[in-house]
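All values reported here derive from a predicted model rather than from experimental measurement. Both backbone and side-chain heavy atoms feed into the values below; hydrogens, waters and symmetry mates do not.
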Amino acid sequence: MVLFDKPLEELRAYRPERTEPADFDDFWARTLAAAREHDLAPEFLPGEPDLSTVEVLDVRFSGWNGERVAAWLLLPRHRTGPLPAVVEYVGYGSGRSLAHQRLFMSAAGFAHLVMDSRGQGSAWRPGVTPDPDPDPGTGQYPGFMTRGIGHPDRYYYRRIMTDAARAVEAVRAHPAVDPRRVAVYGRSQGGGLALAAGALVPDVAAIVPDVPFLCHYRRATEITDKAPYSEIAQYLKARRTEVEPVFRTLSYFDGVNFAARATAPAQFGVGLMDDVCPPSTVYAAYNHYAGPKEICVWPYNGHEGGEVYQEADTLSFLSRTLAPS
């Protein structure tokens, strides 16, 4: 892959006009109010495997429409007081996987909740949470990007973003966690969900969207033909007259609009050769971000971004921002 998007100096200044529906805030207030009519009812049960340094809990909580969402909660066994926590959202097609793959954050001393992605978890890492899909109203192109895209009330990402906000509430319910020191984190789709959760739960302590997906949809579909954004383009290739209604739906779920509402300290990551989540879409969210922010730039990397180097930077960032006040 080579550089294909704007030069870095232009990316740093790239702040496109936001396309935002007038009822964006009312839509999300209504959505979360409906979810909170259902008891969160978090369950923390002993999980597998039996690890000597980490306590593994198999979690269930009520997300969208009261539907039960799975997660792992990993806790350092040796702890002397309430822990800072990191809620992680996973990449497109993945599930929460197996707990022993998720040891990085707990090894660093954080409580670590890894949320399953409803309906996903069959592409590369397994998941267990179903998506009891309401009538989507229209057909869809294979994948999740166009499921229910004909109306924001029925769109798939309304459900999973609601789950993401409720996951923060779930981890705060565990007695080992300091509810004032909770961060949200993810890569790719997980980064987009972290932006959403950080805006929808405005008192989180930090937000880490690494190479975030779900940002600046229209530009993404115009400059990359890589999945998952290509699912939207393929859908519109068949439904030629539905372009504007589709992008109106997507505007309720755009990380750029969530970024403009999030105020916690944030650390972004971007690969300048990323043709899955193009750098201009990441910078669109970053440059609209309303709180203190920093960005890790990886000039010769694609969607993998900084990988272990980014993880080291993220660990340093979280250690600073989640330190006791």
Colleague: If hydrophobic clusters are built from ILVMFWY residues whose side chains come within less than 4.5 Å, do M145 and I149 share one?
Modeller: yes
Colleague: Do the charged groups of R68 and E43 touch, with an N to O distance under 4.0 Å?
Modeller: yes
Colleague: Run the side-chain hydrogen bond (donor to acceptor under 3.5 Å, both in side chains) check on S52 and R77 step by step: do they pass?
Modeller: CA-CA 8 Å; S52 61; R77 288 193 183 275; over 6 Å; no
Colleague: What distance do D313 atom CG and Y309 atom OH have between them, rounded to the nearest 0.5 Å?
Modeller: 11.0 Å
Colleague: Would you kindly say whether E304 and N301 are connected by a side-chain donor-acceptor distance under 3.5 Å?
Modeller: yes
Colleague: Answer yes or no: is there a side-chain heavy-atom contact under 4.5 Å between D131 and W64?
Modeller: no
Colleague: When you compare the side chains of E231 and Q140, does any donor N or O come within less than 3.5 Å of an acceptor on the partner?
Modeller: no
Colleague: Heavy-atom count around E9 CD within 6.0 Å, excluding the residue itself: above 12?
Modeller: yes
Colleague: In terms of hydrophobic clusters joined by side-chain contacts under 4.5 Å, are V171 and M161 together?
Modeller: yes
Colleague: Using modelled atom types only, decide if a donor and an acceptor are shared between the side chain of R96 and the backbone of A71 within a distance under 3.5 Å.
Modeller: yes
Colleague: Main chain of E67, side chain of N65: is a donor-acceptor contact present, judged purely on distance under 3.5 Å?
Modeller: no
Colleague: Any heavy-atom pair between the side chains of Y217 and S251 that's under 4.5 Å?
Modeller: no
Colleague: Any donor-acceptor pair under 3.5 Å linking the side chain of W298 with the backbone of H303?
Modeller: no
Colleague: Could you report the tightest heavy-atom contact between Y89 and A164, atom names first, then the distance?
Modeller: OH-O, 2.8 Å
Colleague: Donor-acceptor pair, distance only, cut-off 3.5 Å: does the side chain of T224 make one with the backbone of A220?
Modeller: no
Colleague: Check for me, please, whether F268 and V87 land in the same ILVMFWY cluster - side-chain distances under 4.5 Å, paths through other members count.
Modeller: yes
Colleague: Would you please classify the geometry between the F44 ring and the H174 ring as parallel, tilted or perpendicular, with 30° and 60° separating the classes?
Modeller: perpendicular
Colleague: Could you walk me through whether L322 and V86 pass side-chain contact (heavy atoms from CB on, under 4.5 Å), step by step?
Modeller: CA-CA 9 Å; L322 299 183; V86 177; 4.3 Å; yes
Colleague: Is any side-chain heavy atom of F247 closer than 4.5 Å to a side-chain heavy atom of T221?
Modeller: yes
Colleague: If we ignore hydrogens and angles and just use 3.5 Å, is the side chain of R18 paired with the main-chain N or O of N257 as donor and acceptor?
Modeller: no
Colleague: Below 4.5 Å, heavy atoms only, C-beta onward: do L57 and L75 meet side chain to side chain?
Modeller: yes
Colleague: Distance alone, cut at 3.5 Å: any donor-acceptor contact between the side chains of T249 and H151?
Modeller: no
Colleague: Answer yes or no: is there a side-chain heavy-atom contact under 4.5 Å between L214 and D254?
Modeller: no
Colleague: With ring-ring contact (aromatic ring centres under 6.0 Å, His included) as the criterion, how do H216 and Y229 come out once you've worked through the C-alpha distance, each side chain's angles and the decisive distance to 0.1 Å?
Modeller: CA-CA 11 Å; H216 204 12; Y229 284 121; 9.8 Å; no
Colleague: Just by distance, no angles: are the side chains of S280 and D5 close enough, under 3.5 Å, to form a donor-acceptor pair?
Modeller: yes
Colleague: State whether the side chain of T129 and the backbone N or O of D116 hold a donor-acceptor pair below 3.5 Å, judged by distance alone.
Modeller: no
Colleague: When you measure from the side chain of R125 to the backbone of G93, do you find a donor-acceptor pair of N or O atoms at a distance under 3.5 Å?
Modeller: no
Colleague: Salt-bridge test for E88 and R187: reply yes if a basic N is under 4.0 Å from a carboxylate O, no otherwise.
Modeller: no
Colleague: Could you pull out the closest heavy-atom pair between L83 and P76, with the gap in Å?
Modeller: CD1-CD, 3.6 Å
Colleague: Evaluate the ring planes of Y252 and F24, with Trp represented by its six-membered ring, and classify them as parallel (under 30°), tilted (30 to 60°) or perpendicular (over 60°).
Modeller: parallel
Colleague: Decide whether M115 and V177 are clustered together by the hydrophobic rule: side chain heavy atoms of Ile, Leu, Val, Met, Phe, Trp, Tyr closer than 4.5 Å, transitively.
Modeller: yes
Colleague: Could you report the tightest heavy-atom contact between D163 and G63, atom names first, then the distance?
Modeller: OD1-CA, 3.4 Å
Colleague: Of all the heavy-atom pairs spanning H288 and P16, show the shortest one and how long it is.
Modeller: NE2-O, 2.6 Å
Colleague: How long is the straight-line distance from SG of C296 back to CD of E311, given to the nearest 0.5 Å?
Modeller: 12.0 Å
Colleague: Please tabulate, for the side chains in residues 194-207, all donor-acceptor contacts under 3.5 angstrom to protein atoms that are two or more places apart in sequence or on a different chain.
Modeller:
residue, atom, partner, partner atom, Å
D203, OD1, R172, NH1, 3.2
D203, OD1, R172, NH2, 3.3

Colleague: Hey, can you tell me if Y157 and F213 have their rings parallel, tilted or perpendicular (30° and 60° cut-offs)?
Modeller: perpendicular
Colleague: Looking only at non-hydrogen atoms, find the nearest pair between P82 and R181 and report the distance.
Modeller: O-NH2, 3.2 Å
Colleague: Does E244 pair with R218 as a salt bridge, N-O distance under 4.0 Å?
Modeller: yes
Colleague: Can you check whether F253 and W28 have ring centres sitting under 6.0 Å from each other?
Modeller: yes
Colleague: Report yes or no: is the cationic atom of R15 (NZ for Lys, CZ for Arg) closer than 6.0 Å to the six-membered ring centre of Y283, at no more than 45° off its axis?
Modeller: no
Colleague: Can you tell whether the side chains of E294 and R320 come within less than 4.0 Å, N to carboxylate O?
Modeller: yes
Colleague: Are V69 and V128 connected, step by step, through hydrophobic side chains (Ile, Leu, Val, Met, Phe, Trp, Tyr) whose heavy atoms are closer than 4.5 Å?
Modeller: no
Colleague: Cut-off 3.5 Å, side chains only: do T314 and Q267 have a donor facing an acceptor?
Modeller: yes
Colleague: Looking at P299 and L272, what are the two nearest heavy atoms and their distance?
Modeller: O-CB, 3.6 Å
Colleague: Would you say T31's side chain and F27's backbone share a donor-acceptor pair under 3.5 angstrom?
Modeller: yes
Colleague: Does D23 come within less than 4.0 Å of R30, counting only side-chain N to carboxylate O?
Modeller: no
Colleague: Should D274 and F4 count as side-chain neighbours, where that means a heavy-atom distance under 4.5 Å?
Modeller: no
Colleague: Who pairs with Y155 by side chain to side chain donor-acceptor pair (under 3.5 Å), at least two apart in sequence or on another chain?
Modeller: none
Colleague: Between Q120 and I160, does the side-chain contact (heavy atoms from CB on, under 4.5 Å) criterion hold? Intermediate values first, please.
Modeller: CA-CA 10 Å; Q120 299 187 35; I160 194 172; 4.1 Å; yes
Colleague: With P279, which of L3, L11, V297 fulfils side-chain contact (heavy atoms from CB on, under 4.5 Å)?
Modeller: L11
Colleague: Ignoring hydrogens and angles, state whether a donor on the side chain of S97 or R102 is under 3.5 Å from an acceptor on the partner side chain.
Modeller: no
Colleague: Would you check, one step at a time, whether the test side-chain contact (heavy atoms from CB on, under 4.5 Å) holds for H112 with V114?
Modeller: CA-CA 6 Å; H112 184 202; V114 184; 3.4 Å; yes
Colleague: Applying side-chain contact (heavy atoms from CB on, under 4.5 Å) to S319 and F110, what does each step give before you reach the verdict?
Modeller: CA-CA 9 Å; S319 297; F110 301 111; 4.1 Å; yes
Colleague: Side chains of R147 and Y141, heavy atoms from C-beta outward: is any pair under 4.5 Å?
Modeller: no
Colleague: If we ignore hydrogens and angles and just use 3.5 Å, is the side chain of D58 paired with the main-chain N or O of P46 as donor and acceptor?
Modeller: no
Colleague: Consider side-chain contact (heavy atoms from CB on, under 4.5 Å). Of T281, V282, L193, V270, which one does P212 pass it with?
Modeller: V282
Colleague: For the pair R166 and E169, evaluate salt bridge (charged side-chain N to carboxylate O under 4.0 Å, His left out) and give the outcome as yes or no after the intermediate values.
Modeller: CA-CA 5 Å; R166 295 284 269 171; E169 298 170 12; 2.9 Å; yes
Colleague: Ion pair present between E20 and R248, side-chain N to carboxylate O less than 4.0 angstrom?
Modeller: no
